[in-house]
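The chains referred to below are lettered A, B, ... by the order of the sequence lines, with proteins before strands, and numbering in each begins at 1.
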Amino acid sequence: MNNYIATYYNADKLAKAWSVIQADFLRETGVTLYITLMATLFAILIGLPLGVLLVTGDQKGIHPLPKPLMTFLNGLINLLRSAPFIILIVVLMPITRAIVGRAVGNTAVIVPLIIAAFPFVARLVEGSLREVNPNIIEMSMSMGASTWQTVTHVMLPESVPSLITSFTTAVTTILGYTAMSGAVGGGGLGNLAITQGQQRYNQAVLLAALIVLVILVQVFQSVGTWLAKKADKRIKE
Amino acid sequence: MIELRNLSKSFTTAGGPVDALKHVSLTIRDGDIYGIIGMSGAGKSTLVRCINMLERPTEGSVIWDGKDLGALSKKEIQQVRHQITMIFQSFNLLMQRTCLENIMLPLKLIHMPRAQAKARALELLETVGLPDKANAYPAQLSGGQQQRVAIARALATDPKVLLCDEATSALDPKTTHAILELIREINRKLGITVIVITHQMSVVQEICNRVAILENGSVVEEGEVSQVFSYPKAAATKALVYPDVAKGMEPDDGENDQTLRVVFQGNDASKKPMIASMAIDCHIAATILSATTRTLNGKAYGNMLLRIPGGPDELARAIKYLSAEPNVVVQVDAEYSPESGRMEAQHE
Ligand SMILES: Nc1ncnc2c1ncn2[C@@H]1O[C@H](COP(=O)(O)OP(=O)(O)O)[C@@H](O)[C@H]1O
Ligand SMILES: [Mg+2]
């Protein structure tokens with residue numbers, strides 16, 4: 001133990017670490033936030049309608065879709081969710097290049113992140129929407145609402161607190177994934193931790209990056225929980 | 001007028017087909033408060049859901065306003081549902097929306113301008129007696145208040161028919177009474193036809209003018225409420241009208257004791273101490289085994305099950321004495337004294 005501290009946290013290392021932190025941390029935190037928030041935004045833009053489709057298009061849903069289509073959608077989601085992220089990054093390189101013009105860098109890593117995250121978001125949204133009281137959906141149909149109106153006027157508004165919780169889970173998970181951005185030349189705190197800590201034996205930087213990441217997750221989670229609670233009108237005041 | 005013609009509905013389930021409705025034919029006239037009563041699982045909800053095509057009948061048709069609802073397109077059905085609205089046992093309010101927004105929901109669906117919808121919703125809150133709850137959320141309201149909001153919402157699109165599926169079953173008796181009053185008022189003032197689904201006799205007695213008794217998916221009896229409840233014919237009706245007897249509380253007859261049923265058919269009989277005066281006048285000390293009397297449209301209806309001690313002689317005198325009252329019908333309860341079953345002449 002003493003040996004470990006002497007090796008990794010001696011005055012020299014700490015001084016080096018401090019200079020790295022001073023020079024890079026603010027920027028890299030910004031990069032992490034940029035990648036995380038962009039990926040989350042697009043994952044929700046794709047995952048939300050897909051989640052709605054999974055619920056309404058179900059054979060027992062309010063607008064059953066052809067069974068082969070639903071089987072395909074479910075299969076695709078399961079496939080993407082089971083593919084390891086690092087492999088997705090590599091496999092998706094040509095697509096990334098086609099979309100953002102290049103396959104490496106901070107913006108390039110957003111594409112595989114979206115592809116990895118939207119099926120996850122779709123499942124979370126599906127879960128949130130399935131929680132909506134079926135009696136309320138029946139009420140909506142009984143007053144002559146179309147499928148679209150039932151989704152927009154009833155299902156989504158009723159599940160707002162649950163959706164906020166789902167999106168909070170999504171954003172914290174995606175934040176964790178950003179650590180792998182270095183694989184395609186992206187930056188961020190996770191990448192800094194890996195390059196400094198593992199490759200340059202700068203354990204103090206790794207630890208500091210870890211602490212900031214943990215704080216970021218805590219902040220996202222706290223804000224999400226607070227928002228979800230505030231949005232929920234079922235709680236009597 | 002709503003006409004159900006030979007309506008059947010079967011569900012395919014893992015355990016085989018379930019015939020929830022079997023050849024139901026009913027006519028509900030405009031302005032009726034029509035009760036459909038039956039035990040749990042009798043098919044009441046399925047029936048009411050067939051009326052607005054939430055459930056497609058397997059067979060038969062629903063005719064409303066000259067239209068065969070089963071033949072309409074999805075769009076047309078949605079139009080019809082603005083005219084035939086529904087309230088539920090569990091109120092089914094949007095929990096994340098205020099009362100005002102809940103009432104505005106059906107108006108948003110028909111694209112009414114927001115300001116106009118809001119004015120209409122406020123007006124409806126007034127109608128249902130909750131003018132100060134516009135900005136309250138359903139979770140802040142009692143059950144009775146939530147049902148009032150649901151009623152306001154159901155009235156928003158100026159419907160012609162209101163379907164109530166066990167609308168008071170989750171409420172205590174006092175609140176039930178208040179909600180039924182409101183429904184009656186809506187029926188009278190707005191001329192809305194009401195279909196009331198319930199498993200409670202008291203609900204039908206309180207507001208319905210006509211009733212159908214549903215058992216195992218079939219209508220076993222149908223007619224004017226006073227008529228059906230005064231002379232229940234089907235076993236299912238008897239079980240509803242005489243719940244105590246159905247529960248096995250029939251008398252343990254003495255050797256010669258007889259059971260009599262006294263039916264009040266819209267008189268003030270309940271005000272007169274008939275049993276006491278019979279004891280004085282005829283020296284017959286009858287025991288009241290069960291009694292259910294209710295006031296319907298200002299008149300007393302109901303029945304009383306009496307045990308008459310003694311033999312056939314006492315029984316005959318009791319029948320004579322009680323039958324002399326206006327609007328009282330005496331029946332020897334055939335079911336519980338089989339040997340005198342043929343005596344069941346109904347004295348008027
Ligand atoms: N969607 C359904 N699928 C299968 N069986 C159903 C369905 N809806 C109702 N049933 C069956 O139909 C019968 C009547 O049900 P319901 O109309 O809900 O009765 P009630 O409202 O009188 O209690 C019951 O046996 C019930 O199990
Ligand atoms: Mg029911």
Side-chain angles (χ1 to χ4, degrees), chain A residues 48 52 55-57 59-67 125 127-167 224-237, chain B residues 45 48-49 51-55 72-99 101-111 135-142 149-150 153-157 159 161-166 170:
Chain A
L48 181 65
V52 169
V55 176
T56 55
Q59 298 313 297
K60 286 189 185 126
I62 57 171
H63 194 107
L65 293 171
K67 220 169 175 172
V125 169
S128 291
L129 293 182
R130 285 196 195 281
E131 280 169 31
V132 175
N133 183 348
N135 289 335
I136 287 187
I137 294 170
E138 170 162 55
M139 170 279 293
S140 173
M141 305 308 281
S142 84
M143 59 174 61
S146 63
T147 305
W148 174 251
Q149 286 176 323
T150 298
V151 169
T152 55
H153 286 79
V154 175
M155 292 171 72
L156 290 176
E158 277 299 280
S159 50
V160 161
S162 175
L163 285 173
I164 292 175
T165 305
S166 291
F167 295 158
T225 306
W226 179 78
L227 278 176
K229 226 176 187 165
K230 195 163 164 62
D232 197 345
K233 306 303 180 190
R234 283 171 300 186
I235 302 153
K236 292 192 191 188
E237 275 139 41
Chain B
S45 293
V48 78
R49 296 170 84 257
I51 294 176
N52 62 3
M53 292 289 142
L54 278 178
E55 210 75 79
L72 299 183
S73 70
K74 208 169 164 181
K75 264 257 148 53
E76 291 168 318
I77 284 295
Q78 284 166 6
Q79 303 291 326
V80 167
R81 286 177 188 159
H82 301 135
Q83 299 293 300
I84 303 181
T85 57
M86 199 167 181
I87 58 173
F88 306 83
Q89 176 171 5
S90 49
F91 325 128
N92 298 351
L93 297 176
L94 297 181
M95 299 309 281
Q96 307 294 353
R97 290 280 182 263
T98 62
C99 295
E101 290 167 324
N102 265 285
I103 301 170
M104 286 167 70
L105 175 63
L107 301 172
K108 280 188 206 159
L109 300 182
I110 57 170
H111 309 292
N135 295 317
Y137 287 93
Q140 297 166 313
L141 303 184
S142 70
V149 174
R153 183 175 64 183
L155 296 178
T157 48
V161 181
L162 177 66
L163 307 174
C164 312
D165 189 357
E166 303 270 12

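Side-chain atoms of Gln96(B) never come within 3.5 Å of backbone atoms of Ser159(A) as a donor-acceptor pair (strictly under, hydrogens ignored). Listed for the Asn102(B) side chain is a donor-acceptor partner under 3.5 Å among the backbone atoms of Arg97(B).
Two residues are said to be in side-chain contact when any heavy atoms from C-beta on lie closer than 4.5 Å; Leu156(A) and Leu129(A) meet this criterion. Met53(B) places a side-chain heavy atom less than 4.5 Å from the side chain of Arg81(B). Using a 4.5 Å heavy-atom threshold, the side chains of Leu163(B) and Thr85(B) count as separate. Between Met155(A) and Val52(A) the shortest side-chain heavy-atom distance does not fall below 4.5 Å.
Counting heavy-atom pairs closer than 4.5 Å to chain A, the top residue among Gln83(B), His82(B), Met86(B) is His82(B). Most heavy-atom pairs under 4.5 Å with chain B: of the set Val154(A), Ile137(A), Ile136(A), Asn135(A), this distinction falls to Asn135(A). Most heavy-atom pairs under 4.5 Å with chain A: of the set Leu105(B), Ile87(B), Ile110(B), this distinction falls to Leu105(B).
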(request) Report the C-alpha distance between Val55(A) and Val151(A) in whole Å, list the side-chain angles of each, state the deciding distance to 0.1 Å, and finish with yes or no for side chain to side chain contact (heavy atoms under 4.5 Å, CB included). (result) CA-CA 10 Å; Val55(A) 176; Val151(A) 169; over 6 Å; no
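Heavy atoms of Leu94(B) lying under 4.5 Å from chain A belong to its backbone as well as its side chain. The contact between Leu93(B) and chain A is made entirely by backbone atoms, counting heavy-atom distances below 4.5 Å. Residue contact with chain A, scored on non-hydrogen atoms closer than 4.5 Å, involves the backbone of Ile84(B) exclusively. In this structure, chain A has no heavy atom under 4.5 Å from any part of Lys75(B).
Arg234(A) and Ala139(B) get closest at one heavy-atom pair: O-CB, 3.3 Å.
With values rounded to the nearest 0.5 angstrom, Glu138(A) atom CD is found 12.0 Å from Ile62(A) atom CD1.
Within residues 140-150 of chain A, the residues having any heavy atom less than 4.5 Å from a heavy atom of chain B are, in residue-number order, Met141(A), Ser142(A), Met143(A), Gly144(A), Ala145(A), Ser146(A), Thr147(A), Gln149(A).
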